[in-house]
Amino acid sequence: MISVRNLYKTLGTQSILSGINLQIKRGETCVIIGRSGGGKSVLLKHFVGLMKPTSGEVLVDGEEIAGLPERKLGAIRKKVGILFQSGALFDSMNVEENIAFPLREAGIKDLKLIREKVAEALEMVDLGGEQKKMPENLSGGMRKRVGLARTIVGRPACILFDEPTTGLDPIASDSINHLIRRLQKRLSVTSVVVTHDMKTAYHTADRIAYLYEGRIYFLGTAAELRASQDPIIEDFIEGRSGETD
Amino acid sequence: MILPFLGRTALSFLSYLGQLLLLVNETARALVVSPIRWRLFFRQLVEVGFRSQLVVVVTGGFTGAVFAAQTYFQFNRIGMESAVGAVVAVSMFRELGPVLTGLMVAGRVGAAIAAELGTMKVTEQIDALRALGVHPIDYLVVPRALALMISMPILVAECCGLGILAGYFVGTKVLGISDAYYLNTMIKFTGARDIKMALTKGFVFGLLVVFIACHQGLNAKEGAVGVGRAPTEAVVIGSLSILIVNFFLSFALNIFYPGGV
Ligand SMILES: Nc1ncnc2c1ncn2[C@@H]1O[C@H](COP(=O)(O)OP(=O)(O)OP(=O)(O)O)[C@@H](O)[C@H]1O
Ligand SMILES: [Mg+2]
């Protein structure tokens, strides 16, 4: 579905990604873990052309998108939805209008249908009945879930989740984990989940990729990750900084 | 020391100009290749046009009034007070109306546009638009640009109109210039050329304000400082460019709409 070859990205003078190779298979859930500031969000933005690689290729459904002009990317973005780490809600619109936005853009005019789909999407993220609130009156976790509802409402074939559970309470996190699984099982959505929440990683992943120093350091199943003897990987999943008091 | 500095300044000026022209070009292209979002356009028309009227009209009114008074004080001494109406009308149309309206709109609308787009930029809302397959130029810049292109000439007309009305009131009712003389000279010395000049300048200043403000907003830097800087710079650059462009425009337009009787 998405395939990245030899991706390099430099921002300013800082080299963020240095030679990423990764294939996301159709229908799978691939989790990307890595240190904060390691470039996970940057990598994700390349998958929908929100950022252009310094060099390398990004292919979505076999089509090279790195060189496409902004106006040609519309078709890709109908297929691949992204949940931003910050939620990125439109603050001039209330919750309902935010979630209805992709539907209206897709040309749906039937207001009743839109209202139903919005309510359904809100139910999926456990926010039923919050339609009329403005984004500034939502908590961080609620904003993220509204963002999630906006991302899934248009039923993209592939969804990129940038830290879907960070900032949520354990119960809400668990429900989002189940939602990601459900989307995969029922609607055969392809998912890429960026997270540093190991619980989310283990729960949702078919495969886990560990982004380390700008490269994919490890790629394998959750069981393989847990079984790994590599100290760099062990430190990350155990959460060891190597410091003592 | 000084030469490299001048070189760098010239370079950054040219690069700024280039970026601005790119934005204008993209906006023009958007008008052709994608449908206009009328709802957003009307909302902006209300926001930037309708709601700017009070500010512009008050500015025009008081400027016309004080200008009439000052002109009277000077002209009175040489017995030419009947010319006050003509001086006020011509100056309002040709210079004061468009420039003052431009400056007020740069302050009110330019700042608001830069702040709004800047906030959207740093909170990833613009990326969210793009991710949902909506081009930010279509959605944000085109409606604002169209709204200002249409509102600015109207606002300039209102500013000039109120200025002339206030000048007339002060000149005839307060300072006692004869009604008939005032109107007669005013009509004799003002013509369609002056009104055309006012409207043309208004249109150009509207373009300056909207593109400078959108550029500042779309290129806002992360953080509170970055977002805070966008509206300030939009107002400063917008106002200065209005004053500078006005100078050249006056000469250029004088060819098409020459002054005098
Ligand atoms: N627009 C940008 N301009 C310049 N540098 C950027 C930009 N976006 C990200 N960076 C830099 O790229 C690096 C990676 O950022 P990124 O947001 O991808 O990290 P991350 O892995 O998602 O971290 P986190 O887990 O905290 O979200 C950081 O050092 C950041 O400073
Ligand atoms: Mg991130």
Side-chain angles (χ1 to χ4, degrees), chain A residues 11-12 41-42 44-52 65 68-93 97-107 135-136 140 143-144 146-148 150-154 156 158-162, chain B residues 19 22-23 25-44 46-48 112-144 147 217-224 226-227:
Chain A
L11 279 167
S41 298
V42 168
L44 217 53
K45 284 182 184 169
H46 281 85
F47 292 170
V48 273
L50 289 173
M51 280 190 175
K52 303 272 181 224
I65 67 161
L68 285 183
E70 185 73 17
R71 287 198 188 278
K72 294 256 169 68
L73 285 164
I76 301 295
R77 290 169 179 166
K78 297 251 143 58
K79 276 190 272 189
V80 184
I82 179 168
L83 165 67
F84 288 87
Q85 190 168 355
S86 61
L89 300 182
F90 301 124
D91 53 20
S92 59
M93 303 177 194
E97 290 161 341
N98 261 287
I99 301 173
F101 189 89
L103 301 174
R104 289 180 193 278
E105 285 303 319
E136 70 256 29
R143 259 178 241 166
K144 176 150 286 173
V146 174
L148 182 54
R150 185 178 69 186
T151 309
I152 61 180
V153 75
C158 172
I159 304 181
L160 316 174
F161 300 88
D162 197 345
Chain B
Q19 289 173 31
L22 271 180
L23 180 63
N25 178 44
E26 274 190 65
T27 310
R29 234 178 62 120
L31 276 172
V32 180
V33 300
S34 66
I36 293 171
R37 293 164 180 269
W38 293 109
R39 258 166 46 113
L40 295 175
F41 163 71
F42 284 117
R43 197 183 303 160
Q44 287 303 322
V46 171
E47 195 52 50
V48 310
I113 291 178
E116 190 181 357
L117 299 202
T119 307
M120 290 186 72
K121 166 84 192 300
V122 302
T123 54
E124 293 187 308
Q125 291 178 57
I126 291 188
D127 275 346
L129 274 180
R130 296 170 63 204
L132 293 168
V134 176
H135 201 295
I137 300 277
D138 298 356
Y139 196 83
L140 299 170
V141 181
V142 167
R144 285 170 175 78
L218 293 175
N219 293 290
K221 298 275 180 304
E222 301 288 317
V227 182

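Letters A, B, ... mirror the listed sequences (proteins, then strands); counts begin at 1.
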Shortest non-hydrogen separation from B/Ala128 to A/Ala88 and the atoms involved =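 Taking every non-hydrogen atom into account, CB-O, 3.7 Å.
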Given the options [options], which has more heavy-atom pairs under 4.5 Å with chain A than any of the others?
options                                : answer
B/Ala131, B/Ala30, B/Gly133            : B/Ala131
B/Thr123, B/Asp138, B/Thr119           : B/Asp138
B/Arg130, B/Met120, B/Glu116, B/Glu124 : B/Arg130

request  = Check whether more than 12 heavy atoms from other residues, nucleotides or ligands sit under 6.0 Å from atom NZ of A/Lys52, and answer yes or no.
outcome  = yes
request  = Start with the C-alpha distance between A/Phe90 and B/Tyr139, add both sets of side-chain angles, then the distance that settles ring-ring contact (aromatic ring centres under 6.0 Å, His included), and finish with yes or no.
outcome  = CA-CA 13 Å; A/Phe90 301 124; B/Tyr139 196 83; 7.1 Å; no
message = At a heavy-atom distance under 4.5 Å, which candidate from A/Ser86, A/Gly154, A/Ser92, A/Ala106 has the highest pair count against chain B?
response = A/Ser86
request  = May I ask you to name which of A/Asp91, A/Leu50, A/Val80 has the most heavy-atom pairs under 4.5 Å with chain B?
outcome  =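 The answer is A/Leu50.
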remark   = Honestly, the part of A/Leu89 sitting under 4.5 Å from a heavy atom of chain B is backbone
Any heavy-atom pair between the side chains of [Y] and [X] that's under 4.5 Å?
X        : Y        : result
B/Ser34  : A/Arg71  : yes
B/Glu26  : A/Glu70  : no
A/Glu105 : B/Leu132 : no

query = For the atom pair CZ (A/Arg77) and CG (B/Leu129), what is the distance rounded to the nearest 0.5 Å?
reply =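 Separation between the atoms: 10.5 Å.
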remark   = If one checks every heavy atom of B/Ile126 against chain A at 4.5 Å, the contacting part turns out to be neither
ask   = Checking heavy atoms, do the side chain of B/Arg37, its backbone, both or neither come under 4.5 Å from chain A?
value = side chain
